[in-house]
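Protein chains get the first letters and strands the later ones, always in sequence-line order, with residue 1 at the start of each. Small disclaimer: the values here were computed from a predicted structure and weren't measured.
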There are 2 protein chains.
Amino acid sequence: MSRIPLPSLKRLPRYLNVLESFQSYGTDTISATDIAEELDLKPIQIRKDMAFTGIVGKPKVGYDVGALIKAIRDFIGWNDISPAVLIGAGSLGTALMRYEGFAKRNLNIVAAFDKDQNRNSDGRSSTPVYPMERLPAIVAEHEIEIAILTVPPAAAQEVTDQLVKLGIRAIWNFSSAEIQVPPHVVVRREDLSEGLAVLCVQLHELDETREKK
Amino acid sequence: MSRIPLPSLKRLPRYLNVLESFQSYGTDTISATDIAEELDLKPIQIRKDMAFTGIVGKPKVGYDVGALIKAIRDFIGWNDISPAVLIGAGSLGTALMRYEGFAKRNLNIVAAFDKDQNRNSDGRSSTPVYPMERLPAIVAEHEIEIAILTVPPAAAQEVTDQLVKLGIRAIWNFSSAEIQVPPHVVVRREDLSEGLAVLCVQLHELDETREKK
DNA sequence: TAGATTGTTAATCGATTAACAATC
DNA sequence: TAGATTGTTAATCGATTAACAATC
């Protein structure tokens with residue numbers, strides 16, 4: 001099968017939300033039209049996206065909700081537990097440690113690390129916070145491939161280099177810094193200012209269309 | 001001028017990061033090639049994007065760094081202060097209150113609100129946290145148009161309806177819930193599971209290309 | 001059976017990239 | 001002046017949407 005387009009991939013978690021909600025109400029089958037209505041999308045787009053996950057529906061009936069959930073989770077890799085480390089136990093890092101949504105998607109933050117000793121575990125959080133020195137041992141012990149980066153921008157590249165050396169292969173970069181990695185490592189930027197820019201411009205465009213009336 | 005494509009708009013904040021970094025080193029002019037190198041993009045794409053902001057460069061010389069920063073910030077609306085409220089003072093909400101990046105982009109979180117009285121201001125944070133009852137007064141007093149939504153998914157729609165009634169015109173939705181708003185209100189979803197899905201699949205694709213060797 | 005919904009093939013739309021003339 | 005870089009116009013690429021046959 002051909003590789004899924006990035007926009008399609010980004011929609012899959014939204015489908016999952018809708019499906020899980022339908023499932024909790026006891027609905028067994030769902031049509032592309034049903035999902036489209038919930039998400040303000042076109043049914044044809046949902047059908048196209050579903051095809052990438054390998055699921056097949058039944059004409060007239062629709063898709064089996066349980067099977068569809070399984071297919072999407074399998075496709076993304078959310079049926080297997082992924083252990084991860086988090087670097088930078090500031091306020092954003094701490095918020096992510098406590099985020100319940102990760103457990104639902106089988107992302108398990110095994111431990112967090114911080115240069116600042118004051119941020120080390122006080123037992124209030126369920127995720128332990130260790131000094132940076134313990135990072136290599138934990139990564140090796142749990143065979144961790146994923147790192148969440150919530151350090152200040154100035155420290156991002158240095159920490160990235162460490163992570164790469166330890167064999168980390170996927171970095172979720174929440175810092176605004178642009179980090180460089182070798183080709184066998186993937187990076188996903190999660191930049192808040194991107195979303196803010198879109199919101200600001202859309203708000204502005206709203207004013208303009210109103211003024212034109 | 002025609003409306004900017006969404007992908008171009010999302011790149012503007014990244015350009016800003018690069019430009020501010022160059023400016024701090026005292027660089028006066030910058031070429032599209034310079035920016036492209038920093039961000040792993042093609043120069044032609046930067047030139048196209050810049051055109052949308054209205055800036056003009058000088059052949060052979062490049063763009064004036066200061067003028068370009070101003071043009072981008074003007075275009076996004078980041079030269080004017082935008083007052084905002086934040087609803088839901090949980091760990092994510094608190095992290096956003098403390099996020100320094102917002103001040104740089106002139107987003108000013110005037111106050112946060114929470115149903116839970118225990119989360120009300122203890123003076124440790126610079127952003128006050130009030131009970132929901134005070135929301136209408138604060139929104140009116142500061143003529144607030146932007147709301148940041150960090151409540152649990154189950155409460156998202158109810159809070160959204162309140163916000164819309166109070167005249168809020170832009171909602172930055174950090175909850176995983178799909179919220180419905182009238183056409184004169186813009187919503188920007190900021191869904192972490194989207195980024196996680198992309199990261200997981202990219203990591204998986206990495207394995208596959210390696211195995212093919 | 002008749003009608004609704006899927007999945008496929010083709011058409012459209014929009015963003016990226018290429019080519020190149022203009023110019024400092 | 002010569003060379004580098006911009007901005008514009010055209011070509012390519014990829015995603016969305018439309019049309020429709022297949023089918024439960």
Side-chain angles (χ1 to χ4, degrees), chain A residues 1-15 18-19 22 27-69 71-72 75 194 197-198 201-202 205, chain B residues 1-15 18-19 22 27-69 71-72 75 194 197-198 201-202 205:
Chain A
M1 198 184 329
S2 66
R3 223 156 97 259
I4 190 171
L6 201 62
S8 298
L9 174 52
K10 288 183 179 174
R11 281 189 293 267
L12 295 185
R14 302 180 67 192
Y15 298 158
V18 173
L19 290 165
F22 269 70
T27 312
D28 288 334
T29 56
I30 192 169
S31 74
T33 314
D34 296 332
I35 301 176
E37 246 169 49
E38 292 291 317
L39 300 176
D40 261 310
L41 300 172
K42 308 236 165 115
I44 175 65
Q45 193 168 46
I46 278 95
R47 295 208 303 273
K48 259 278 157 69
D49 290 346
M50 291 313 178
F52 285 107
T53 70
I55 192 92
V56 284
K58 283 188 190 145
K60 159 80 181 166
V61 180
Y63 302 90
D64 180 88
V65 173
L68 195 41
I69 290 175
I72 294 177
F75 182 85
E194 192 176 277
V198 176
V201 170
Q202 286 180 343
E205 282 172 354
Chain B
M1 200 184 325
S2 67
R3 223 156 97 259
I4 190 171
L6 201 61
S8 298
L9 174 52
K10 288 182 179 174
R11 282 189 292 268
L12 295 184
R14 302 180 68 193
Y15 299 158
V18 172
L19 290 165
F22 270 70
T27 312
D28 287 335
T29 56
I30 193 170
S31 75
T33 314
D34 297 331
I35 301 176
E37 247 169 48
E38 292 290 317
L39 300 176
D40 260 310
L41 300 173
K42 308 237 163 111
I44 174 67
Q45 194 168 45
I46 279 95
R47 294 208 302 275
K48 259 278 158 70
D49 290 346
M50 292 313 180
F52 285 107
T53 69
I55 192 94
V56 285
K58 282 186 191 148
K60 159 80 180 161
V61 180
Y63 301 90
D64 180 88
V65 173
L68 195 41
I69 290 175
I72 294 177
F75 182 84
E194 193 174 277
V198 176
V201 170
Q202 286 180 343
E205 283 171 354

Can you name the side-chain contact (heavy atoms from CB on, under 4.5 Å) partners of [X], sequence neighbours left out?
X	result
Lys10(B)	Glu194(A), Val198(A), Leu6(B), Arg188(B)
Thr29(A)	Val61(A)
Val56(B)	none

For nucleotides 12-14 of chain C, give me every protein contact, N/O to N/O, under 3.5 Å, one pair per line with atom names.
none

Pick out the pairs of N or O atoms, protein on one side and nucleotides 21-24 of chain C on the other, that lie under 3.5 Å.
none

If you look at every heavy atom in [X] and [Y], which pair is closest and at what distance?
X	Y	result
Val201(B)	Phe75(A)	CG2-O, 4.1 Å
Tyr63(A)	Ala32(A)	CE1-N, 4.2 Å
Ala67(A)	Ile55(A)	O-CD1, 3.6 Å

[X] [atom1] - [N] [atom2] separation (whole Å):
X	N	atom1	atom2	result
Leu9(A)	dA15(D)	CG	P	11 Å
Phe52(B)	dT8(D)	CZ	P	11 Å
Ile44(A)	dA4(C)	CD1	P	18 Å
Met50(B)	dT17(C)	CE	P	16 Å
Lys10(B)	dT16(C)	NZ	P	11 Å
Asp49(B)	dT6(D)	CG	C1'	15 Å
Leu68(B)	dG7(D)	CG	P	10 Å

Problem set entry | Criterion side chain to side chain contact (heavy atoms under 4.5 Å, CB included) on Tyr15(B) and Leu41(B), from CA distance to verdict | CA-CA 11 Å; Tyr15(B) 299 158; Leu41(B) 300 173; 4.0 Å; yes
Rounded to the nearest 0.5 Å, what's the gap from [atom1] on [X] to [atom2] on [Y]? Could you check?
X	Y	atom1	atom2	answer
Leu19(A)	Thr27(A)	CG	OG1	10.0 Å
Asp34(B)	Leu39(B)	CG	CG	11.0 Å
Ile35(A)	Ile46(A)	CD1	CD1	6.0 Å

Seminar exercise, completed: Sorted by position of nearest nucleotide on DNA chain D, 5' first, the leading residue of Arg47(B) and Gln45(A) is Arg47(B)
For this session: Can you tell me which stems involve DNA chain D, if a stem is defined as three or more consecutive Watson-Crick or G-U wobble pairs, both distances under 3.5 Å?
Result: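 Expected stems, ordered by start: C:3-24 with D:3-24.
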For this session: Determine, step by step, whether Leu12(A) and Ile4(A) satisfy the side chain to side chain contact (heavy atoms under 4.5 Å, CB included) criterion, reporting the C-alpha distance in whole Å, the side-chain angles of both residues, the deciding distance to 0.1 Å, and the verdict.
Result: CA-CA 11 Å; Leu12(A) 295 185; Ile4(A) 190 171; 4.0 Å; yes
Exercise. Of the residues in residues 33-43 of chain A, which ones touch DNA chain C at a heavy-atom distance under 4.0 Å?
Worked result: none
Exercise. Taking the side chain of Ala32(A) as its heavy atoms from C-beta onward, which of dT16(C), dT6(C), dG7(D) lies nearest to it?
Worked result: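 So the nucleotide nearest the side chain must be dT6(C).
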For this session: Would you indicate which nucleotide in dA10(D), dA19(C), dT6(D) comes nearest to any side-chain atom of Lys48(B)?
Result: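 Looking only at side-chain atoms, Lys48(B) lies closest to dA10(D).
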Exercise. Distance check: side-chain N/O of Arg11(A) vs OP1/OP2 of dT16(D), anything under 4.0 Å?
Worked result: yes
Exercise. By salt bridge (Lys or Arg N to Asp or Glu O under 4.0 Å), which residues pair with Arg14(B), not counting sequence neighbours?
Worked result: Glu178(A)
For this session: Using side-chain hydrogen bond (donor to acceptor under 3.5 Å, both in side chains) as the criterion, list what pairs up with Asp64(A), not counting sequence neighbours.
Result: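 Checked Asp64(A) against side-chain hydrogen bond (donor to acceptor under 3.5 Å, both in side chains); zero matches.
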Problem set entry | Sequence neighbours excluded, every pair satisfying salt bridge (Lys or Arg N to Asp or Glu O under 4.0 Å) that has a member inside residues 37-59 of chain B | Arg11(B)-Asp49(B)
